[in-house]
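The first residue in the sequence is number 1, and the count goes up from there. First listed ligand is number 1; within each ligand, the first listed atom is number 1. Since we're looking at a predicted model, the values are computed, not measured.
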Amino acid sequence: MGIRPSVYVKDLGKHVGKEVTLKGWLYNKRSSGKLKFLIMRDGSGYVQCVVFKGNVADEVFENADKLTQESSFEVTGKVKVEPRSVGGYELDATDVKIISIAQEYPITPKEHGIEFLIDNRHLWVRSKKQIAILKIRARIVKAIRDFFDSRGFVLFDPPIITPNACEGTSTLFEMEYFDLGKAYLTQSGQLYAESGAMALGKVYTFGPTFRAEKSKTRRHLTEFWMVEPEMAFYDLDDDMDLAEEFLEYIVQCVLTDKQEELKELERDTTKLECVKRPFPRISYTEAVELLKKKGNDFQWGNDFGGADETLIGEEFDRPVMIHRYPSEIKAFYMKRDPENPKVALAVDVIAPEGYGEIIGGSQREDNLDFLLERIKEHNLPQSFFEWYLDLRRFGSVPHSGFGLGLERTVSWICGLDHLREAIPFPRMIYRNTP
Ligand code: 4AD
Ligand code: MG
């Protein structure tokens with residue numbers, strides 16, 4: 001027979017005037033004489049259930065009285081339209097059955113410190129704001145998949161355990177791998193995606209990636225999700241066109257489908273409505289000039305820090321694409337600009353409103369000899385990269401790609417202060433629980 005609910009709160013509109021049974025948890029309760037107002041949440045939404053002493057058996061009224069915050073229960077009643085009530089409907093309860101009475105719940109409507117909340121992350125995810133964020137995250141993931149799936153890209157899953165670094169050796173999580181020596185958790189699926197692009201033309205990877213970030217900032221996690229498209233026969237301009245279309249699409253999907261959640265988060269959506277193509281494109285050198293004009297004593301050749309990115313991002317009402325960074329500060333696989341070998345054909349996309357870098361990408365070095373030079377310059381063990389070099393030995397073509405950080409994107413779209421709320425269980429330098 002099964003015990004699954006036949007109706008969920010989000011579908012109450014289809015049952016007006018009818019009797020339904022809902023299953024969920026007590027979000028909140030108010031009493032006034034012979035009336036009890038129970039706010040039930042069932043994951044799909046919230047609904048106020050009104051229990052009137054005169055309408056129900058004594059036992060039912062007592063059950064309603066016994067319910068504590070987060071107790072699980074079942075309620076039966078007639079669905080009424082009630083514009084003043086949360087969600088727009090109300091339930092005239094005829095029956096209340098207790099499933100499990102919750103002990104004193106640690107998260108109350110009063111303010112809690114952030115450490116306390118993260119210690120209780122397994123419960124904190126039940127809170128209204130957290131539910132809104134998690135729903136938006138899921139919508140963004142779907143938008144990402146839909147975008148690539150509908151444009152001829154093939155999902156290509158790279159390994160998580162890898163023998164070498166991809167994005168510099170300073171942020172590698174190391175492990176002993178049986179008799180084979182050291183192995184590492186992947187920092188990026190890109191190198192593998194490149195082999196996929198040579199096989200399938202256009203691919204994307206999407207999964208968890210790892211960085212042993214020593215930085216304790218609001219923009220860094222040690223485990224985060226990244227989506228990485230990689231395309232054969234794309235140059236840097238094509239890469240930027242794709243990134244721009246992609247970001248516009250994601251933001252528009254959230255605006256279309258997640259208004260209620262954005263409202264719960266008090267997000268200023270006028271800022272998101274600006275996220276339309278074309279995005280401004282400036283070179284690194286122009287970005288340095290901009291910083292100098294703003295009184296920042298920035299030297300050409302340095303990498304932008306979080307504060308610099310914020311300053312640059314504030315200049316624009318939509319994401320800004322910064323291209324052609326000094327090759328010295330960028331990864332070994334990036335192609336140098338044939339017109340100026342001091343810079344790499346790289347692009348970073350900086351989100352507006354101070355959210356910093358959300359995308360990093362580039363055109364890849366497709367020349368075997370140049371790539372060999374880069375591997376030597378970066379002191380990388382050539383033997384581990386032989387397979388990667390093969391991609392240049394067997395039908396090398398110009399190709400490009402980028403990586404979008406999911407949590408940075410969620411954080412920006414939701415207007416969060418810190419990445420830790422953008423993922424169900426954040427992993428940071430000082431935290432790996434719960
Ligand atoms: O700029 P990154 O390091 O680029 C790459 O990994 C390339 N292999 C991508 C590619 O071309 N296929 O990282 C890409 C994005 C960043 O822009 C940022 O959004 C996110 O990944 N990111 C992080 N997010 C959370 N915590 C961290 N520690 C992150 N490091 C990077
Ligand atoms: Mg980057």
Under 4.0 Å, heavy atoms only, figure out whether ligand 1 is touched by the backbone of H220, its side chain, both or neither. both

Would F298 and F304 count as a close aromatic pair, with their ring centres under 6.0 Å? yes

Taking the six-membered ring for Trp and the single ring otherwise, decide whether the centroids of Y388 and Y333 are under 6.0 Å apart. no

According to side chain to side chain donor-acceptor pair (under 3.5 Å), does anything in residues 150-164 pair up with another residue at least two apart or in another chain? List the pairs. R151-E245

Any idea which atoms of ligand 1 are less than 4.0 Å away from a heavy-atom of I359? 17 (O)

Over 60° means perpendicular and under 30° means parallel, so classify the ring planes of Y192 and W387, tilted if in between. parallel

In the protein, which heavy atom is nearest to atom 3 (O) of ligand 1, and how far is it? R211 NH1, 3.0 Å

According to the side chain to side chain donor-acceptor pair (under 3.5 Å) rule, which pairs have a member within residues 424-434, sequence neighbours left out? E115-R431, D119-R431

For R219, the ligand 1 atoms whose distance to one of its heavy atoms is below 4.0 Å: 25 (C), 26 (N)

I need the nearest protein heavy-atom contact for atom 14 (C) of ligand 1: residue, atom name and distance, please. M226 SD, 3.3 Å

Geometry only, no angles: is G405 polar-contacting ligand 1 at N/O separations under 3.5 Å? yes

Please determine if S362 has a nitrogen or oxygen closer than 3.5 Å to a nitrogen or oxygen of ligand 1. no

Counting only nitrogen or oxygen atoms and a 3.5 angstrom limit, does R364 reach ligand 1? yes

In this structure, atom 12 (N) of ligand 1 is nearest to the protein heavy atom E228 OE1, 2.7 Å

Atom 16 (C) of ligand 1 has as its nearest protein heavy atom E357 OE2, 3.2 Å

Is it possible for you to check whether R30 lies under 6.0 Å from the centre of the six-membered ring of F37, through NZ or CZ, and within 45° of that ring's axis? yes

Audit row: D149, R145, salt bridge (charged side-chain N to carboxylate O under 4.0 Å, His left out) steps and yes/no: CA-CA 6 Å; D149 291 344; R145 293 194 182 286; 5.9 Å; no

So is L419 polar-close to ligand 1, meaning N/O to N/O under 3.5 Å? no

Identify the closest protein heavy atom to atom 31 (C) of ligand 1: which residue and atom is it, and at what distance? F224 CZ, 3.5 Å

Check each atom of ligand 1 against the heavy atoms of L221 and keep those under 4.0 Å away; list them by number with element. 25 (C), 26 (N), 27 (C), 28 (N)

Which single N/O/S atom of E357 lies at minimum distance from the Mg ion (ligand 2)? OE2

Identify, by atom number and element, the atoms of ligand 1 in contact range of G361, meaning under 4.0 Å from any of its heavy atoms. 11 (O)

Measure the distance from atom 18 (C) of ligand 1 to every protein heavy atom, then report the residue, atom name and distance (to 0.1 Å) of the closest one. R408 NH1, 3.6 Å

Using 30° and 60° as the class boundaries, would you call the ring planes of F116 and H112 parallel, tilted or perpendicular? parallel

Name the residue from F206, F246, Y249, F156 that meets the ring pair (Phe, Tyr, Trp, His ring centres under 6.0 Å) definition with F148. F246

Location of contacts on E230 toward ligand 1, heavy atoms closer than 4.0 Å: neither

Proximal ligand 1 atoms for G360, defined as those under 4.0 Å from one of its heavy atoms: 1 (O), 9 (C), 10 (C), 11 (O), 17 (O)

Give me the nearest non-hydrogen protein atom to atom 19 (O) of ligand 1 as residue plus atom name, then the distance to 0.1 Å. I358 O, 2.9 Å

Looking at S327 and K342, would you say the former's side chain and the latter's main chain have a donor-acceptor pair under 3.5 Å? yes

Numbered atoms and elements of ligand 1 in range of E213, under 4.0 angstrom, heavy atoms: 28 (N)

Note: ligand 1 atoms sitting under 4.0 Å from heavy atoms of S188 are 6 (O), 8 (N)

Tell me whether the rings of Y284 and Y325 are parallel (<30°), tilted (30 to 60°) or perpendicular (>60°). tilted

Checking contacts here: is it the side chain or the backbone of Y333 that comes within 4.0 Å of ligand 1, counting heavy atoms only? Could be both or neither. side chain

What residue among R218, K129, R137 forms salt bridge (charged side-chain N to carboxylate O under 4.0 Å, His left out) with E421? K129

Show the numbers, then the answer: is there a side chain to side chain contact (heavy atoms under 4.5 Å, CB included) between E194 and R392? CA-CA 10 Å; E194 288 184 53; R392 278 70 182 169; 2.7 Å; yes

